Each structure stands twice: as structure tokens, then as C-alpha cells.
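As the structure lists them, so they are numbered: ligands from 1, and atoms in each ligand from 1. What you see is a predicted model; the values in this text were computed from it and never measured.
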Amino acid sequence: MKKFKQARRVLKPTLKREIAALKSIANYKKPERVVVHLGNVGDISSSGFAAKTDSYSSRFPETKFIGIDSSFLSLKSKRNNWQQMKTTFNAGLRKLKDNSVDIISSELALGYYDSKTTETTNAGQGNFKRYTKTTINTAFKKLKPNGKLQLAVTGSVVLNVLEALKKAGFQEKKAVMYELSGSELNRTFWFKEHKKIPIYQIIVVK
Ligand SMILES: C[S@@+](CC[C@H](N)C(=O)[O-])C[C@H]1O[C@@H](n2cnc3c(N)ncnc32)[C@H](O)[C@@H]1O
């Protein structure tokens, strides 16, 4: 009986520690994976608008998708992991926490604006260029360390974009750029529309 009491005295604190450890494992929340699609509304397929965000948010239910587009989107089936912001790229990105996003992607959207969406009343090319730089700087702030920015752009804006990426501080050694070809050019409605001009895929890492 004495031995049993002794054993209990030794075991009790160990058990308490193990129970506490188990409780903390049970409360452990996986860090949230966040993907932002800039200009996602214009992505058209036979199933409607925002086709890419629609398909990805259904395939990856544990990832949070945020679409930012100045065009209105009526969400048919509003999934919990899909948030849509009807605003300009830079204004939408500014609302997110710094260092909180895993991937920001923009396909034929960053660099192709009208005057209403560049937070300026002057639609001159100089303002468009400045707006791209501002948006890329904001994207850099919002990405987690090692977060990725994936852009598809045409020749008319590629130099401006590359300069902005360099200035924002993306890792030059990890930067990838190539011209899309073959079936890659069928990726979206707008890719098909631009088939006759080169489209570049750029991937940079924070
Ligand atoms: C040409 S579509 C491209 C759509 C899609 N990514 C694709 O490849 O099919 C451009 C989209 O970007 C949006 N857009 C353009 N400039 C914007 C800006 N500054 N802020 C917010 N949305 C913008 C437009 O409303 C449109 O939905």
C-alpha cells in the first residue's frame, strides 16, 4: 500500500504534464494558408465569372481564397473559404495583415487598368506605371516570408513590372520568368484572346 502511494506521488505530476501536452495538441490550429487572386472576376469560363477562384476554393477547402476586383461578382455558392472584395487591387491588399499571405496571383490583370481603378483621375500611362509599382510594393508587404507572387503579363507591361519587382525587394536568385507556349496559352478566356502576342509568366519569392 505504501509503495502504491509513493508511485502515485511520482506519477501524478507526470500525468498532469502529459494531459496538459495533449490538451495543447488538441487546441493546435494549423496556420491558415491564404491565397489572393487579383482581378479574378474577369476570369470567364462556361460556368461563369471568377472561374479560377471558384474551382480552386472547391478543390482546396482548407485554403482561404481572397478575390480582389473592382468589378461586382454575385457569388452563386458562397463558400466559407472564399472572400470577395469589390475594390481596387491596392486598396484591397492594404486591408490585409502584413506578412499574412502565402500566394498572390494575377493573370492579365495587374498592369491593365482604366482610370477608375488606379485611384487617380489622371489615366495617363505614367499613372498606370506608378499604380503597378505601388500595388507590387503593397503585395510584398502582405506576403509571408518566402511567399510567392505569380504574374502573367504581356510585353507591353513586362519591363515596368520587372523593375517594380526588383525595387520592392523580391529575391532575385529565386525569380523565374518564361514565355508561355502551347496549351498554357489556353489557360483562361483572356489568354486565348491574347494568343498572338507573347505572354510571360513571372514567379518571384519574398
Ligand atoms: C482582363 S481581366 C483578366 C481576368 C483573369 N485573370 C483572366 O486571366 O482571365 C482583368 C480583371 O481585372 C480587374 N481589374 C483591372 N484593374 C483593376 C484594379 N486596378 N483594381 C481591381 N480590379 C481591377 C477587372 O475588373 C477584370 O475583372
Side-chain angles (χ1 to χ4, degrees), residues 35-60 63 65-76 82-96 101 103-143 148-158 160-161 164-165 168 177-204:
V35 175
V36 173
H37 287 162
L38 298 177
N40 66 325
V41 174
D43 192 355
I44 316 161
S45 78
S46 53
S47 61
F49 294 90
K52 182 168 139 187
T53 320
D54 191 24
S55 132
Y56 279 48
S57 59
S58 133
R59 280 165 58 197
F60 305 102
T63 299
F65 289 88
I66 303 174
I68 305 178
D69 200 303
S70 53
S71 301
F72 174 74
L73 175 71
S74 107
L75 292 178
K76 321 155 243 173
W82 177 0
Q83 180 191 350
Q84 188 65 30
M85 293 189 196
K86 186 194 168 305
T87 185
T88 61
F89 296 151
N90 195 38
L93 285 171
R94 277 200 306 257
K95 287 189 185 139
L96 307 177
V101 181
I103 298 175
I104 299 178
S105 92
S106 161
E107 298 188 316
L108 303 186
L110 188 85
Y112 310 90
Y113 327 108
D114 57 40
S115 52
K116 282 177 281 181
T117 55
T118 50
E119 298 171 31
T120 168
T121 47
N122 180 350
Q125 279 307 314
N127 270 332
F128 284 1
K129 276 189 180 177
R130 251 193 305 282
Y131 188 74
T132 297
K133 281 185 186 159
T134 313
T135 304
I136 285 178
N137 284 337
T138 313
F140 184 84
K141 269 196 211 157
K142 302 302 161 179
L143 284 168
K148 270 188 204 163
L149 178 62
Q150 301 180 171
L151 306 171
V153 294
T154 56
S156 58
V157 296
V158 72
N160 177 32
V161 165
L165 292 171
M177 175 171 149
Y178 55 91
E179 192 181 324
L180 295 178
S181 61
S183 60
E184 290 175 308
L185 293 167
N186 293 329
R187 214 189 277 169
T188 75
F189 169 84
W190 289 105
F191 275 41
K192 287 180 207 152
E193 287 290 292
H194 287 83
K195 232 175 188 168
K196 293 203 178 80
I197 54 171
I199 301 180
Y200 302 95
Q201 176 76 63
I202 303 173
I203 303 170
V204 283

>> What I want to know is whether N40 and ligand 1 share at least one N or O pair that is separated by under 3.5 angstrom.
In response: no

> Which ligand 1 atoms does T88 reach within 4.0 Å, using its non-hydrogen atoms?
Replying inline: 20 (N), 21 (C)

> Which value, rounded to the nearest 0.5 Å, describes the distance between L108 atom CG and L38 atom CG?
Replying inline: 12.5 Å

> So do H37 and D43 actually touch side chain to side chain, heavy atoms under 4.5 Å?
Replying inline: no

> Based purely on interatomic distance, does S70 place a nitrogen or oxygen under 3.5 Å from a nitrogen or oxygen of ligand 1?
Replying inline: yes

>> Test of understanding: given a 4.0 Å heavy-atom threshold, classify the contact between T188 and ligand 1 as side chain, backbone, both, or neither.
In response: side chain

> Should one rank F49, Y131, F89 by closest heavy-atom distance to atom 20 (N) of ligand 1, which comes out on top?
Replying inline: F89

> Which ligand 1 atoms does T87 reach within 4.0 Å, using its non-hydrogen atoms?
Replying inline: 21 (C)

>> Out of all atoms in ligand 1, which are within 4.0 Å of some heavy atom of E107? Include the element for each.
In response: 3 (C), 5 (C), 6 (N), 7 (C), 8 (O)

> Does any N/O atom on G42 come nearer than 3.5 Å to any N/O atom on ligand 1?
Replying inline: yes

> If we only count heavy atoms from C-beta on, is the I104 to L93 side-chain gap below 4.5 Å?
Replying inline: yes

> Which residue from N90, L73, L108 reaches closest to atom 10 (C) of ligand 1 through any of its heavy atoms?
Replying inline: L108

> Any donor-acceptor pair under 3.5 Å linking the side chain of W190 with the backbone of G42?
Replying inline: yes

> Roughly how far, to the nearest 0.5 Å, is OG of S105 from CD1 of I203?
Replying inline: 10.5 Å

> Do you see a donor-acceptor pair shorter than 3.5 Å between the side chains of K95 and T87?
Replying inline: no

> For residues T53 and N40, is any side-chain donor paired with an opposing acceptor at under 3.5 Å?
Replying inline: yes

